[in-house]
Amino acid sequence: TNNMSNYPTTHSIVEVTFNEGDVKQYVIGASPTIGGHLTRQASETGILSLYNADESYAIPLCNIREWKIVHRPQEEGGQK
């Protein structure tokens, strides 16, 4: 039986710098290694597509100066 629920969900933060200088962060349900796939997809479509279990975003590349993906540490239950 393949029970994926035994594995922790990995999240990353995509930091997008827009042409006018605004910076926004988006949480995605993937590790930073998805960067190559997102780059290829954006190159083919002209859209940076970001998604997680609750939201998805489609950002035209013509509006983006740069973007980067960083690992989001997994939150532990309870207090830090």
Side-chain angles (χ1 to χ4, degrees):
T1 305
N2 185 4
N3 189 352
M4 294 300 287
S5 64
N6 291 336
Y7 296 95
T9 302
T10 299
H11 289 95
S12 297
I13 297 170
V14 180
E15 184 177 282
V16 177
T17 303
F18 291 90
N19 291 333
E20 68 277 1
D22 291 345
V23 177
K24 293 186 179 181
Q25 293 184 339
Y26 303 89
V27 176
I28 62 170
S31 74
T33 59
I34 198 169
H37 170 74
L38 292 177
T39 300
R40 284 188 299 277
Q41 184 182 48
S43 170
E44 293 171 5
T45 65
I47 302 288
L48 176 61
S49 299
L50 306 173
Y51 42 87
N52 61 42
D54 300 317
E55 303 170 309
S56 64
Y57 302 92
I59 307 167
L61 287 182
C62 63
N63 295 336
I64 297 173
R65 183 184 308 162
E66 68 178 13
W67 58 281
K68 69 177 180 178
I69 305 174
V70 295
H71 176 72
R72 179 181 179 199
Q74 184 177 352
E75 295 179 7
E76 304 264 340
Q79 296 178 343
K80 291 185 179 183

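The analysis underlying the following values was restricted to heavy atoms, covering all of them including side chains, and did not include hydrogens, waters or symmetry mates. The model shown is predicted, which means the values in this text are computed figures rather than measured ones.
- The line from NZ of Lys24 to CD1 of Ile13 is 16.0 Å long, rounded to the nearest 0.5 Å.
- With hydrogens and angles ignored, the 3.5 Å screen pairs no side-chain donor or acceptor of Arg72 with any backbone N or O of Ser12.
- Remark: Ile28 CD1 to Ser49 OG distance equals 11.0 Å, nearest 0.5 Å.
- Taken together through direct or relayed side-chain contacts under 4.5 Å among Ile, Leu, Val, Met, Phe, Trp and Tyr, Phe18 and Val14 form part of one hydrophobic cluster.
- Residues Asn19 and Arg65 share a closest heavy-atom pair of O-NH2, 2.8 Å.
- A ring-ring contact (aromatic ring centres under 6.0 Å, His included) check over residues 34-55, counting only residues at least two apart or in different chains, returns nothing.
- In the hydrophobic clustering of ILVMFWY residues, with side-chain heavy atoms under 4.5 Å counting as a link, Ile47 and Ile69 come out apart.
- Between Val23 and Glu15 the shortest side-chain heavy-atom distance falls below 4.5 Å.
- Looking at heavy atoms from C-beta onward, Leu38 lies in side-chain contact with Leu50 at the 4.5 angstrom threshold.
- With a 4.5 Å cut-off on side-chain heavy atoms, Thr17 and Trp67 do not count as touching.
- Rounded to the nearest 0.5 Å, atoms OH (Tyr26) and CG (Leu48) are 9.0 Å apart.
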Donor-acceptor pairs under 3.5 angstrom involving side-chain atoms of residues 52-60: please list them, not counting sequence neighbours.
from: Asn52; atom 1: OD1; to: Asp54; atom 2: N; distance (Å): 2.7
from: Asn52; atom 1: OD1; to: Glu55; atom 2: N; distance (Å): 2.9
from: Asn52; atom 1: ND2; to: Val27; atom 2: O; distance (Å): 2.7
from: Glu55; atom 1: OE1; to: Tyr57; atom 2: OH; distance (Å): 3.0
from: Glu55; atom 1: OE2; to: Tyr57; atom 2: OH; distance (Å): 3.4

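- A distance-only check finds no donor-acceptor pair linking the side chain of Ser43 to the backbone of Thr39 [under 3.5 Å].
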